[in-house]
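Everything below concerns the one structure shown next.
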Amino acid sequence: MVVRAGREFLAIPGPTTVPDEVLQAMHRPAIDIYAGSLLALTDRLHANLRWLFRTRGRTYIYIANGHGAWEAALTNVLSRGDRILVLESGRFAATWGEMAAKLGVTVEVLAGDWRRAVRPAEVEAHLRQDAKTKGKDRYKAVLVVQIDTASGVVNDIAAIGKAIKRSGHDALYMVDAVASLGCMPFDMDGWSVDVAMSGSQKGLMTPPGLSFVAAGRAARAAHKRADLRTPYWDWTARESNIHYMKYAGTPPEHLMFGLDRAFEMIRAEGLDNIFRRHRLLAEAARRAVAVWARGKAIEFNVAAPAERSDTITMVRMAPGRKAGPLLDYCNTKCGVVLGQGLGEWRDKAFRIAHMGHVNAPMVLGTLGVIECALDALDIPHRKGGVQAAIDWLGQEVKA
């Protein structure tokens with residue numbers, strides 16, 4: 001017997017649920033790519049991206065996923081043989097670094113831990129030492145993610161930026177904001193970020209297929225010297241006055257229509273309200289997990305509560321237990337799709353996404369199905385996790 005009829009709940013960390021309003025905005029005929037309303041739409045999307053990244057720099061729109069934006073960011077500011085530093089806090093900064101290595105960049109990793117955030121003091125000390133290096137052998141860039149969806153860690157981008165400044169190092173500060181932009185504060189200029197990138201499929205509530213790069217003054221100066229530049233990703237080519245060159249060819253019209261509607265929804269709700277909604281729903285999920293974890297069969301991946309992100313919660317199974325049965329039960333029996341563990345945590349963890357177009361019934365429904373699965377599969381847990389989530393929201397969301 002199953003109870004999954006009805007609309008499936010997608011609780012994975014990307015792609016996230018696409019609002020009906022966005023889907024409806026995309027359901028229209030194509031229009032002229034050379035004149036008229038599409039040109040105005042491009043201008044409006046760039047203005048909204050600058051507003052969301054909080055930058056006066058330039059923004060670029062790519063027909064690509066986040067990995068495409070990674071490559072765009074790297075190739076526009078680096079040259080073969082450059083050294084860069086990757087700050088580890090999970091899977092994705094390291095993977096970004098692996099891409100750089102394949103492009104001919106020398107990559108060094110400041111080793112971290114999947115269970116904790118990057119330590120700004122360690123970054124400062126490491127860069128202070130490297131700042132003594134002469135000339136072209138010095139690090140050219142520092143790479144980090146704001147939220148790593150593999151580990152559930154959130155990094156303090158402002159504090160890391162201050163650490164880089166205190167070190168006296170001139171490396172470009174490059175930040176992956178794929179799982180954070182539109183879900184929590186990001187202040188590119190205020191935090192001294194030189195290059196930031198993100199994608200359409202998470203906090204921006206649009207189907208996968210668009211990615212974005214924002215570049216500040218120092219990054220644009222480095223761009224002039226970079227020898228990894230290629231025709232498709234090149235910023236200079238995309239700054240052409242010819243409209244279709246801004247997309248290196250035919251613009252992705254229907255994704256643009258959807259993103260435009262998503263920005264209307266974001267502005268209507270207001271960023272402060274969006275950030276608070278994410279904080280409240282994330283804490284509801286954490287309250288539930290904290291109760292279940294008293295049964296000693298599951299635990300939070302991220303050790304320190306302050307370092308747990310507001311868009312994704314990773315839950316580890318106790319040694320010897322597999323996550324597969326719980327994932328399968330939630331999906332095939334109840335219609336809730338959770339994120340699986342990545343890398344070495346495949347089948348040893350599950351991930352609960354609470355980002356983008358998400359509300360209380362979606363999160364409480366997801367938590368309810370997880371608690372149902374824990375019961376049905378006889379996984380030891382303290383009962384009452386969902387009630388703890390309800391109590392939290394009832395306390396914080398006033399009548």
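Worth knowing before you read on, the calculation uses all heavy atoms, side chains too, and leaves out hydrogens, waters and symmetry mates.
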**OP:** Could you walk me through whether W235 and K224 pass side-chain contact (heavy atoms from CB on, under 4.5 Å), step by step?
**Re:** CA-CA 10 Å; W235 293 343; K224 296 176 182 178; over 6 Å; no
Hey, what's the ring geometry for [X] with [Y], parallel, tilted or perpendicular (30° and 60° as the breaks)?
X    : Y    : value
F186 : F53  : perpendicular
H254 : F257 : perpendicular
W96  : W70  : parallel

**OP:** State which residues pass side chain to side chain contact (heavy atoms under 4.5 Å, CB included) with A93; sequence neighbours excluded, sorted by chain then number.
**Re:**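 With sequence neighbours excluded, A93 shows a side chain to side chain contact (heavy atoms under 4.5 Å, CB included) to V86, V145, given in chain and number order.
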Subject >> Set of residues satisfying side chain to side chain contact (heavy atoms under 4.5 Å, CB included) with respect to R58, sequence neighbours excluded >> reply: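 With sequence neighbours excluded, R58 shows a side chain to side chain contact (heavy atoms under 4.5 Å, CB included) to Y60, R220, E239, given in chain and number order.
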How close do [X] and [Y] get, heavy atom to heavy atom, and via which atoms?
X    : Y    : answer
D148 : F92  : OD2-N, 2.8 Å
A214 : T55  : CB-CG2, 4.3 Å
M205 : V18  : O-CG1, 3.6 Å
A73  : V195 : CB-CG1, 3.8 Å
M317 : A349 : CG-N, 4.2 Å
V291 : R382 : O-CB, 3.0 Å

**OP:** Look at the side chain of T236 and the backbone N and O of D234, then say whether any donor-acceptor pair between them is shorter than 3.5 Å.
**Re:**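 Flag not set: sc T236 to bb D234 has no pair under 3.5 Å.
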**OP:** Could you please spell out the steps behind the side-chain contact (heavy atoms from CB on, under 4.5 Å) verdict for Y247 and T42?
**Re:** CA-CA 10 Å; Y247 301 94; T42 289; 2.6 Å; yes
Original post:
Do D260 and R28 meet the salt-bridge criterion of a basic N to acidic O distance under 4.0 Å?
Top reply: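 Salt bridge flag = no for D260 with R28.
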Original post:
Is the closest basic N to carboxylate O distance between E283 and R287 below 4.0 Å?
Top reply: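 Looking at E283 and R287, the cut-off is met.
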Does [X] make a cation-pi contact with [Y], if we ask for NZ or CZ under 6.0 Å from the ring centre and within 45° of the axis?
X    : Y    : result
R4   : F9   : no
R267 : W51  : yes
R44  : F263 : no

**OP:** Give a yes or no on whether the ring-centroid distance for F275 and H278 is below 6.0 angstrom.
**Re:**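 No, they do not, as the ring centres are separated by 6.0 Å or more.
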Side-chain donor-acceptor pairs under 3.5 Å in residues 389-397, sequence neighbours left out?
| residue | atom | partner | partner atom | Å |
| --- | --- | --- | --- | --- |
| D391 | OD1 | Q387 | NE2 | 2.8 |
| W392 | NE1 | L280 | O | 3.0 |

**OP:** Assess whether side-chain contact (heavy atoms from CB on, under 4.5 Å) is satisfied between N76 and R229, documenting all intermediate values.
**Re:** CA-CA 5 Å; N76 273 288; R229 290 161 56 177; 4.2 Å; yes
**OP:** Would you mind telling me which of D82, D130, D170 makes a salt bridge (Lys or Arg N to Asp or Glu O under 4.0 Å) with R138?
**Re:**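 Filter result, single survivor: D170.
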Subject >> Enclosure of R166 CZ (heavy-atom neighbours >12, cutoff 6.0 Å) >> reply: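 Atom CZ in R166 is crowded, with more than 12 foreign heavy atoms closer than 6.0 Å.
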**OP:** Give the intermediate values and the outcome of side-chain contact (heavy atoms from CB on, under 4.5 Å) for residues M99 and L74.
**Re:** CA-CA 9 Å; M99 176 184 285; L74 294 169; 4.1 Å; yes
**OP:** For R115 and E299, run salt bridge (Lys or Arg N to Asp or Glu O under 4.0 Å): C-alpha distance rounded to whole Å, both residues' side-chain angles, the deciding distance at 0.1 Å, then the answer.
**Re:** CA-CA 11 Å; R115 303 204 69 181; E299 64 175 342; 3.8 Å; yes
Subject >> N65 side, atom CG; S200 side, atom OG - distance, nearest 0.5 Å >> reply: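 These two atoms lie 9.0 Å from each other.
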Subject >> 4.5 Å side-chain heavy-atom contact, L255 and I63 >> reply: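 They are not in contact (no side-chain heavy atoms under 4.5 Å apart), so the answer is no.
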